[in-house]
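What follows is a single structure, written as structure tokens, with notes after it.
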Amino acid sequence: MLSSVMAALHWPSHRKKMSLKSERRGIHVDQSELLCKKGCGYYGNPAWQGFCSKCWREEYQKARQKQIQEDWELAERLQREEEEAFASSQSSQGAQSLTFSKFEEKKTNEKTRKVTTVKKFFSASSRVGSKKAEIQEAKAPSPSINRQTSIETDRVSKEFIEFLKTFHKTGQEIYKQTKMFLETMHYKRDLSIEEQSECTQDFYQSVAEKMQTRGKVPPEKVEKIMDQIEKYIMTRLYKYVFCPETTDDEKKDLAIQKRIRALHWVTPQMLCVPVNEEIPEVSDMVVKAITDIIEMDSKRVPRDKLACITRCSKHIFNAIKITKNEPASADDFLPTLIYIVLKGNPPRLQSNIQYITRFCNPSRLMTGEDGYYFTNLCCAVAFIEKLDAQSLNLSQEDFDRYMSGQTSPRKQEPESWSPDACLGVKQMYKNLDLLSQLNERQERIMSEAKKLEKDLIDWTDGIAKEVQDIVEKYPLEIKPATQPLAAIDSENVENDKLPPPLQPQVYAG
């Protein structure tokens, strides 16, 4: 069922074997399909083309180095062609004036300088120099860091400093590196969001390695310190790196929001969601799950956003457990998560997913329950984007009618309601059914009215055509008028045209 989704995520063919159980129209995803496609054992991510964070960075670095090498070779070839063209022009145009020669020389030097600049840009030495320059620039005071901090930023800064005080010298070094990183990021705001993400991931990896190798900090403490570092730096960088204008994140947000609105008619039965919302405890769990997934957008730190996803997922598992009276399985979880996303329509969903992917501590996305739940959320969003009639076991005609809003699936019949169902819920469904019937009647009336209007127009056109045909067949001939009789009391009246005088007549009495 999810083969189209996996194809859209560029996952390999052997990972597209999503199974459909014949006895239920459920959505089944094997757990191995959530792992990194390179086989390292960590969770993959659709945003990383199915790789985990570590493998994706390796593949990205290889592709980037290859692109740099190709650009460098292109720059060299362009320089050789320019030099050959210049030498050729010099030999053929030696007899030209000195002024024109100087002009050509200046033009060629300018082109050569541009090519050399391109070569330097892609050379390794320039990158080393740029890093030194960044360190020097970082020493300069940043206007953004010195600006008036918000209440939340000030609170997080105090908490971070208090937390590092317990680590003494190691804490001082961590604070120094973190401040240096924030200063450096201030001068990298013009870079693409992918490059800023790479810088942040490099910083995470560098700090973690230094604590483990130099500071001999235990792994569990390293994880806690990294969480605090992430909280500190991302609270400060949030408004610059979340849904930046240079990306199409906002466009994707609007697209998925519009898609979810169009799918408002999807019922739990269509997705085979094993949740009975008529049970009060289950209904409360569903409401809490929706609240948590919506609350994700209000958080600034990637770890806090992940925590919202985790709480939402745990509420889903509890709702399934209460409904089935047994522990929930992974096959039950994904369709229920899809239903929760459709019902909640979380704001800026794609932006939040991209933000977590780019700036979260990679260890959280690669392992643990946070990584598992986040990977499932990515699969749920991809499924919603590719949802079709076959996925819901509907005919294409019914699917199109539901999507266009012409009609909605039939509501639950009163006979199938539980005796313990709330009276308000029953009345609500009755009212919805009545509204549905009224809507159908209104649609029929409108259809008949449009038909009547068309018939009247056709009848008028027919009458007009018949009249025109008759006029053409029997044209009206107007003959000249005869000489009219003159009035008796008019002037210059001719006597011969006067009527005879009245003669008196005598009647015998």
Regarding D332 and S329, do their side chains bring together a donor and an acceptor under 3.5 Å, going by distance alone? yes
Taking NZ, NE, NH1 and NH2 as the nitrogens, is one of them in K314 or E369 under 4.0 Å from a carboxylate oxygen of the other? yes
May I ask you to decide whether R401 forms a salt bridge with D398, counting only side-chain N to carboxylate O separations under 4.0 Å? yes
Non-hydrogen atoms of T375 and G371 that approach each other most closely: OG1-O, 2.7 Å
Ring centroids only, cut at 6.0 angstrom: are Y355 and Y238 within range, meaning strictly under it? yes
Side-chain contact, heavy-atom cut-off 4.5 Å: M211 with M226? yes
Can R364 and E230 be counted as an ion pair, charged N to O under 4.0 angstrom? no
Does the pair T200 and M185 meet the rule for a side chain to side chain contact (heavy atoms under 4.5 Å, CB included), with working shown? CA-CA 9 Å; T200 306; M185 288 296 291; 4.1 Å; yes
Contact check, side chains of P302 and N361, non-hydrogen atoms, under 4.5 Å: no
Where do V381 and Q350 come nearest, in terms of heavy atoms and distance? CG1-NE2, 3.6 Å
Test item: H264 side-chain N/O and R261 main-chain N/O as donor-acceptor pair under 3.5 Å: yes
Do you know which two heavy atoms are closest between S197 and F359, and how far apart they sit? CA-CE2, 3.7 Å
Atom of L334, atom of N376 and distance for their closest heavy-atom approach: CD1-O, 3.7 Å
Kindly indicate whether the side chain of I229, heavy atoms from C-beta on, has any atom under 4.5 Å from the side chain of F203. yes
Between Q354 and D253, is the side chain to side chain contact (heavy atoms under 4.5 Å, CB included) condition met? List the steps. CA-CA 11 Å; Q354 291 298 328; D253 288 335; over 6 Å; no
Between D249 and F242, is there a side-chain heavy-atom distance shorter than 4.5 Å? no
Look up atom CE in M285 and atom CD1 in I279, then write down how far apart they are to the nearest 0.5 Å. 11.5 Å
With rounding to the nearest 0.5 Å, note down the distance linking CG in D227 to CG in D304. 9.5 Å
Q205 and E209: side chain donor to acceptor below 3.5 Å: yes
For the pair R311 and E295, find out whether any cationic side-chain nitrogen is under 4.0 Å from an anionic carboxylate oxygen. yes
Could you label the plane-to-plane angle of the Y232 and F160 rings as parallel, tilted or perpendicular, counting under 30° as parallel and over 60° as perpendicular? parallel
Heavy atoms, side chains only, cut-off 4.5 Å: are F163 and I174 in contact? no
Has the side chain of E385 got a donor or acceptor atom that lies under 3.5 Å from a matching backbone atom of A380? no
Please report the interatomic distance OH(Y372) to OG(S313), rounded to the nearest 0.5 Å. 8.5 Å
What heavy-atom pair brings M270 and P409 nearest, and what distance separates the two atoms? CE-CG, 3.5 Å
Does E277 use its side chain to pair, donor to acceptor, with the backbone of V282 at less than 3.5 Å? no
Q257 vs N345 side-chain heavy atoms within contact, under 4.5 Å: yes
Least distance between heavy atoms, T357 atom then I353 atom: OG1-O, 2.8 Å
Would you call K158-E162 a salt bridge at under 4.0 Å N-O? no
When you measure from the side chain of D292 to the backbone of C308, do you find a donor-acceptor pair of N or O atoms at a distance under 3.5 Å? no
Kindly determine whether E159 and K231 satisfy salt bridge (Lys or Arg N to Asp or Glu O under 4.0 Å), including the steps that lead there. CA-CA 10 Å; E159 291 177 356; K231 182 178 181 180; 3.2 Å; yes
Backbone N or O of N276 within a donor-acceptor pair of the T323 side chain at under 3.5 Å? yes
Value for CG (L306) from CD1 (I356), rounded to nearest 0.5 Å, stands at 4.5 Å
I'd like to know whether L237 forms a side chain to side chain contact (heavy atoms under 4.5 Å, CB included) with F181, so could you lay out the CA-CA distance, the side-chain angles of the two residues, the decisive distance to 0.1 Å, and finally the verdict. CA-CA 11 Å; L237 297 177; F181 170 75; 4.1 Å; yes
Below 4.0 angstrom, N of the basic side chain to O of the carboxylate: do R303 and D370 qualify? no
Any chance you could measure N352, atom CG, to K305, atom NZ, to the nearest 0.5 Å? 4.0 Å
Atom NZ of K221: over 12 foreign heavy atoms under 6.0 Å: no
With heavy-atom distances below 4.5 Å as the criterion, would you say the side chains of C312 and I293 are in contact? yes
First locate atom OG of S206, then atom CD of Q177, and finally report the distance between them rounded to the nearest 0.5 Å. 6.0 Å
Can you tell if the side chain of L263 reaches within under 4.5 Å of the side chain of W265, non-hydrogen atoms only? yes
Let me see the working for H315 and I290 under side chain to side chain contact (heavy atoms under 4.5 Å, CB included), right down to the final yes or no. CA-CA 9 Å; H315 288 315; I290 294 174; over 6 Å; no
